[in-house]
Amino acid sequence: WPYCRKRCSYCNFNKYVVPAVDEAAVRACLVREAQTLLRLSRVRSITSVFFGGGTPSLASPGTIAAVLEAVAGAAHLPADAEVTLEVNPSSASTPRLAGFRAAGVNRLSIGVQSLDDAELRLLGREHTAAEAREAVEAARRLFPGRTSIDLLFGLPGQSRSAWARGLEAALGLCDDHVSLYQLTLERGTVLAAQVQGGSLPTPAQDLLADMYHTACDALVAAGFRHYEVSNFARKGALSTHNLSYWRAEQYIGVGPGAHGRFVPWGEGSCSREARVQTLEPDAWMREVQSRGHGTRRRVVLSPLEQLEEVLALGLRTDEGITQERWGRFSPQLSLEAVFGVPGEAQELQQQGWLVLDGSGLRCSREGLALLDSLLPALLCQLQR
Amino acid sequence: MALAGRTALRWARLWSPRPAAGALRLPSWRPAACVRLYGSRGEEKLDMSMYPVESIRNFSIIAHVDHGKSTLADRLLEITGTIAKTGCNKQVLDKLQVERERGITVKAQSASLFYNHNEVNYLLNLIDTPGHVDFSYEVSRSLSACQGVILVVDANEGIQAQTVANFYLAFEAQLAIIPVINKIDLKNADPERVEKQIEKLFDIPVDECVRISAKRGTNVEKVLQKVIEKIPPPHCNTADPLKALVFDSTFDHYRGVIANIALFGGEIEKGHKIVSAHTKKRYEVNEVGILTPNEQPTHKLFQKLAPQGSSGKKIRYAGQVGYLIAGMKEVTEAQIGDTLFLYKQPVEPLPGFKSAKPMVFAGMYPVDQTEYNNLKSALERLTLNDSSVNVHRDNSLALGAGWRLGFLGLLHMEVFNQRLEQEYNMSVILTAPTVPYKAVLSSAKLIKEYGKKEITIISPAQFPDKLSVSEYLEPTVLGTIVTPQEYIGKIIVLCQDRRAVQKDMLYIDEHRVMLKYLFPLNEIVVDFYDALKSLSSGYASFDYEDAGYQAADLIKMDILLNGNPVEELATIVHNDKAYATGKFLCERLKDAIPRQLFEIAIQAAIGKKIIARETLKAYRKNVVAKCYGGDITRRMKLLKRQAEGKKLMRKIGNVEVPRDAFIRVLKRQTDK
């Protein structure tokens, strides 16, 4: 759902703030594209569905239901498949959330971002801290154990203690899943321009590292498993859907600007492709109406490129890259054959950033926080 | 006041015996064709023999930058009908884009003007000169073909540093000097004050000055009359054997070398066999002609000037200035200062010019190594026209294959770089400039190895150890600063900070002071001029001339990363400046090297002694927060680029230094 009511100061997603949306038309196109792409992929069974955006909680439950029906019509959608909806606290009244549950949604991801009104204003969010609390509480009542919250840290001017307070409040509020994002100042956003222009301070590198490590420690102490760089879950409430990205499984992207990775068997191909749908909603709709889908770009991924993705994504998780998964993408060269030989990976292992053992290749706790410094070296070694 | 005294003496010698009452001494001879030629030259043909030596004047215009030299040249060309009067002739002689942009002249151009004065037709050869003393080599080349100069001074700004430097070049060449006060139309013009400055500094009587406005054309005709009256004709005789001085040369891709020549004797025409006194090579003259400003010095104008029905022979007569093409393939064959003579009629060569000595060195590297060959050919083509640039191939571990270039001065370096960018569309990395140091060797072994006692050190790698050296020498320059008096205090502090020694201080009027300082050259090559301009709100002017070498306490400073020396960052510095330079380099490196997985010590060291240190802390967190379906493509692209970049990084010990970091540290700082 590419539409938002307001532009947040930090967000550079493909989103559109328009006065009126022709929801019936968008719904028809989402349904049509889902059907077309599912047919192309010849996928038989769906493990998860994720409604992201934009602000998908602005769509009516009827639209969500229509898409899910289309998916179930084109492939098998098991009753226990994870169906997540991204929700903004400002469009999360209990009746509305109940409507989504009735439509088939069984997991919510709430964009709380902060529990401090001043911070929320800085971020350009529509809601207050109180509204965020109410939304989370309502969600937990309707989706117990299946409600996730998003939090941001590293805001310009945010102090260590402010973050510690925010984190403590969030721990008191949250359910069994938390996503903890360091704010990225994306080019072209209002916030980045303010920092660039000097009207807001640049957060110090060391402060950000401290904030991240204290938060990880606090969450782990509260019983959470740190299962990905920015994601924490307890009682096994991991996001199945997001794990499938990091495990380099197949996924189909439906809607304006959506990305997918799958093998379009239906087109006679047998290679994994990276696909992007047309960004602009009106153009996307015209394309879907005329040819059933709005795929703008398709790139066949070479075996090496697939392995690069397996590596870069898999190392973000605590399980890392399992021997089994690596073997699926690289039947000839084992993990040991590539990274167990003298080279960058061995040095990184000796320095304690990386672990390669019988179960697979993964980052150490310290290494995970430095993954982007490790990956270029590992890619070099892989390319050799 | 030693300066003024010397001036007075020389001045008397120069001026009293030679108030060339030119018109009187000249024969009142007047070819009819020429009179018409003055009005509508296009249709008439000109025989150069109609201009005997007595009616030729060879002169230059010299001035401080922006004092109106090029505007005056434009007016002179208009008045004499050399170019049409259109009101849009601006810097006609400045052909290069960089010249027009910077308001300077880099490459001397020449033009022949025809002018009728008191019923006599004159051939006035205006030999344009570069305005800046970086190009004093070019100025001296141009001046040697002249017998006089017009010294232009701005009526508002008065005498500036370059005015002084240019005056002495002309003065030492014993040329007649016509002082001209320009821009009298400006509101703040104060010609009287400027005349007094000229009298005080150059010992030229106030009434010798011509007040003009080149922009409006006021009194410009009077300047031409002064040229005829005050500047003597060249001394030479057509009956003598050919003796031609090469004072400039250009390279044309289709026609080869075009040599600008001044005839000191004899005549030259197509078909003549000539010999270069320098190379002893023999050539046959293909083409000769006079120089016109608007076209390249081609035969086009000359054809118009050639007698109709002639056999196409184009003769140049003594005293005249023009060009010649004689099948020379390389500019080095037309050495500036060389003498040409007729085959089998050798003459005593004219006294040679001082050859251009590079004063400032800088490394030049392509931004992208794949551009190496393109840059190489651009450099070759550009140096064809600028033989004063010294080119040596060089190789840097960090920046790849490139060159070490020697320039006459800073402006020369900037102009060269700008021409490379503008005319050849090349973008390059230019390293911070350095100067050529010298060492007097004491070690017998080294003396034997070099074959001499005194060696020139261009790169730090060549720096010999203190133990085998009796003394190190550094190049110096004599700098002239002209400033309003209120800035003197700050300027003196600046000069002292640059290790300069005051040589002279003179009030040129009630408000303006001329300071002379002996500077170590390396103290002014980087940012002296900018500093001077900014602390004087732009009012102080600066110029300098070579002043030889002086003993200096020089040391080689190494930059270490985690204890390992970085070869390309080693520098030669004066002991007094080691700490500041070391600190500066360490700080710059700290900002330029990305954080890594471990802590990095960045140190400046002299021998074993560490004099400055910065610490680059280890990364503690470097991982992108969000990486979901829609982020992967962009993420992978970035990672792959980083992986590629990693392959290009220079590894010093375990520290990876991107090429970019070297560029940021080594690069000359153009803006601060």
Side-chain angles (χ1 to χ4, degrees), chain A residues 13-14 50 52 152-154 179-184 205-206 208-213 228-230 241-242 244-246 248 251 253 257-261 274 276 297 299 305 308-309 312-313 316 344 347-348 351 353 363 366-380 382-383, chain B residues 561-564 587-602 614-661 671-672:
Chain A
F13 283 171
N14 179 43
F50 194 101
L152 281 175
F153 71 93
S179 298
L180 201 67
Y181 301 118
Q182 179 184 313
L183 176 74
T184 310
Q205 290 283 326
D206 284 334
L208 293 173
D210 284 347
M211 285 178 166
Y212 179 67
H213 286 295
E228 193 261 357
V229 171
S230 305
H241 186 86
N242 288 338
S244 66
Y245 294 134
W246 304 318
Y251 51 94
H259 286 244
R261 292 276 189 287
V276 190
R297 213 160 57 94
V299 180
E305 285 171 313
E308 286 170 345
E309 290 195 359
L313 298 164
R316 294 183 65 87
E344 289 91 334
E347 282 173 35
L348 295 172
Q351 289 157 8
W353 311 120
C363 289
E366 295 75 22
L368 188 65
L370 291 163
L371 179 60
D372 291 354
S373 291
L374 312 181
L375 283 172
L378 294 174
L379 288 179
C380 284
L382 175 62
Q383 285 163 6
Chain B
L561 290 181
N562 281 352
N564 298 297
E587 280 168 3
R588 280 259 287 262
L589 258 183
K590 187 185 172 187
D591 293 338
I593 298 178
R595 282 187 174 200
Q596 297 182 20
L597 293 169
F598 40 82
E599 188 176 284
I600 300 168
I602 303 165
E614 291 287 329
T615 305
L616 184 63
K617 285 205 240 165
Y619 250 138
R620 289 179 50 219
K621 180 173 189 292
N622 179 30
V623 60
V624 74
K626 292 191 181 188
C627 193
Y628 298 104
D631 309 307
I632 295 170
T633 304
R634 188 164 76 131
R635 189 81 211 121
M636 291 313 296
K637 220 184 229 171
L638 181 70
L639 283 172
K640 278 195 253 186
R641 208 167 50 229
Q642 287 173 348
E644 281 311 306
K646 209 174 167 67
K647 290 175 192 162
L648 299 174
M649 284 207 210
R650 173 120 155 74
K651 244 184 145 169
I652 291 148
N654 56 351
V655 182
E656 281 174 336
V657 186
R659 192 162 174 267
D660 223 43
D671 44 354
K672 270 194 214 136

Applying a strict 4.5 Å limit to non-hydrogen atoms, the region of B:Glu656 in contact with chain A is neither

Any idea which heavy atoms bring B:Ala643 and A:Cys380 closest together, and the distance? O-SG, 3.3 Å

Under a 4.5 Å heavy-atom cut-off, does chain A meet the side chain of B:Arg635, its backbone, both or neither? side chain

Top residue by heavy-atom pair count (under 4.5 Å) with chain A, among B:Gln642, B:Lys640, B:Arg641? B:Lys640

Using the test side-chain contact (heavy atoms from CB on, under 4.5 Å), find all partners of A:Glu347 that sit at least two apart in sequence or belong to another chain. A:Gln351

Between A:Thr184, A:Asp210, A:Leu374, who has the most heavy-atom pairs with chain B when the cutoff is under 4.5 Å? A:Asp210

Side chain to side chain, B:Met636 and A:Glu308, heavy atoms closer than 4.5 Å: yes

Could you give all pairs that pass the ring-ring contact (aromatic ring centres under 6.0 Å, His included) test and reach residues 634-658 of chain B, with sequence neighbours left out? none

Side chain, backbone, both or neither: which part of A:Ala258 has an atom under 4.5 Å from a heavy atom of chain B? neither

Residue among A:Leu375, A:Asn242, A:Val299 with most heavy-atom pairs under 4.5 Å to chain B: A:Asn242

Which answer fits A:Leu313, side chain, backbone, both or neither, if we ask what part of it has an atom under 4.5 Å from a heavy atom of chain B? side chain

Under a 4.5 Å heavy-atom cut-off, does chain B meet the side chain of A:His241, its backbone, both or neither? neither

Could you go step by step and tell me if A:Leu348 and B:Leu597 meet the side chain to side chain contact (heavy atoms under 4.5 Å, CB included) rule? CA-CA 10 Å; A:Leu348 295 172; B:Leu597 293 169; 3.8 Å; yes

Contacting region of A:Leu183 [heavy-atom separation from chain B under 4.5 Å]: neither

When the 4.5 angstrom heavy-atom criterion is applied to A:Asp206 and chain B, the contacting part is both

Heavy-atom distance under 4.5 Å to chain B: side chain of A:Leu378, backbone, both or neither? neither

Just so I know, are the side chains of A:Leu379 and B:Glu644 near enough to count as touching, which here means a heavy-atom distance under 4.5 Å? no

Which bit of A:Tyr251 comes within less than 4.5 Å of chain B, counting heavy atoms only: side chain, backbone, both or neither? side chain

Tell me whether the rings of A:Tyr181 and B:Tyr628 are parallel (<30°), tilted (30 to 60°) or perpendicular (>60°). perpendicular

B:Ile632 vs A:His259, side chain to side chain contact (heavy atoms under 4.5 Å, CB included): CA-CA, chis, key distance, verdict: CA-CA 9 Å; B:Ile632 295 170; A:His259 286 244; over 6 Å; no

Listed by residue number, which members of residues 615-626 of chain B have a heavy atom under 4.5 Å from any heavy atom of chain A? B:Lys617, B:Tyr619, B:Arg620, B:Lys621, B:Asn622, B:Val623, B:Val624, B:Ala625, B:Lys626

Region of A:Leu371 in contact with chain B, defined by heavy-atom distances below 4.5 Å: both

Tell me the ring-ring contact (aromatic ring centres under 6.0 Å, His included) pairs involving residues 635-658 of chain B, sequence neighbours left out? none

For A:Glu366, which atoms come within 4.5 Å of any heavy atom of chain B: side chain, backbone, both, or neither? neither

